[in-house]
Protein chains: 2
Amino acid sequence: MIARSTKGNPCPVGILMDILSGPWTLYILWILSTAGPTRFGELKRRVEGISTKMLTERLRMLEQEGMIFRHYEPTVPPQVTYGLTERGQELIVILDQLNTLAERWYGSSTPQ
Amino acid sequence: MIARSTKGNPCPVGILMDILSGPWTLYILWILSTAGPTRFGELKRRVEGISTKMLTERLRMLEQEGMIFRHYEPTVPPQVTYGLTERGQELIVILDQLNTLAERWYGSSTPQ
DNA sequence: CCGTATCCTGTCGGATACTG
DNA sequence: CAGTATCCGACAGGATACGG
């Protein structure tokens, strides 16, 4: 991915922001945080409006970055479950603070 | 701007992320945080590689969002100085935490 | 059920030239 | 010095169809 936040400048928070700033990314993390481990289809339903392509793309990326895990159950039909890793949960803690700030500034509306 | 993070879903942290996730945005905030109030030309020099268009665009946006202030001094030639508002500084506090996390994950490299 | 592959369009953002 | 105006190519990402 292209470094959006800092255009490739090697700044740690920039790297992290480039990960989080992708479309739908926060949305996905938020759902995994509130709903716990979730299957692909369920995610697609919850993240309203996302395309299959985008969802898989975001999930692959988040997995590679160590934010989420992917559990594949080779049943018929197969079941794939995604959830937050420890790293992902650490992240959520701080995002929560950011959210608190944001609520103060923009008002508190909870995503359903 | 289009809501990237949550694709228009009214989530406070999403709104905030959509602001911060724009290209160069963090970079600019970071410089204003470390260097204090800075003039346009100086900013353009420090944010290496940014185009005039992008810089003004980002600055206008950040100003509108209340993150930075713009001080115009009508001398000849005119001097325009940008700096963090109180809101901007509140933000930096949390970004700092995010940075701490990021340094632990990606190693600490300081942007010059 | 959980994806991959392909096509196609809209927009982002760089380059460039010009002003008060 | 501190911007605005305009043009234009690249690519992100939606729609669609198909596969294990």
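Reminder, nothing fancy here: chain letters follow the sequence lines and each chain counts from 1.
- In this structure, A:Leu16 CG and B:Glu103 CD are separated by 11.5 Å, a value rounded to the nearest 0.5 Å.
- Here B:Gln79 lies in heavy-atom contact (under 4.0 Å) with sugar-phosphate atoms only.
- Phosphate proximity of D:dA2 to B:Arg39: present, with a side-chain N or O under 4.0 Å from OP1 or OP2.
- Summarising the geometry, the separation between CZ on A:Arg70 and P on C:dC2 is reported as 10 Å, rounded to the nearest angstrom.
- For A:Arg60 and C:dT4, the shortest distance from a side-chain N or O to OP1 or OP2 is below 4.0 Å.
- In summary, A:Glu42 and A:Arg45 engage in a salt bridge, as defined by a charged side-chain N under 4.0 Å from a carboxylate O.
- Taking 4.0 angstrom as the limit, A:Tyr82 places a side-chain polar atom (N or O) nearer than this to OP1 or OP2 of C:dG3.
- As a whole-Å value, the separation of B:Glu42 CD from D:dC1 P is 11 Å.
- Straight-line distance from the CZ atom of A:Arg58 to the P atom of C:dT4: 14 Å, rounded to whole Å.
- In this structure, B:Leu59 places its CG atom 11 Å from C1' of D:dA2, rounding to the nearest Å.
- Taking atom NZ of residue A:Lys44 and atom C1' of nucleotide C:dG3, one finds them 11 Å apart after rounding to whole Å.
- From B:Trp24, atom CH2 reaches atom CZ of B:Arg58 across 11.5 Å, with rounding to the nearest 0.5 Å.
- Of the side-chain N and O atoms in B:Trp24, one or more sit less than 4.0 angstrom from OP1 or OP2 of C:dG14.
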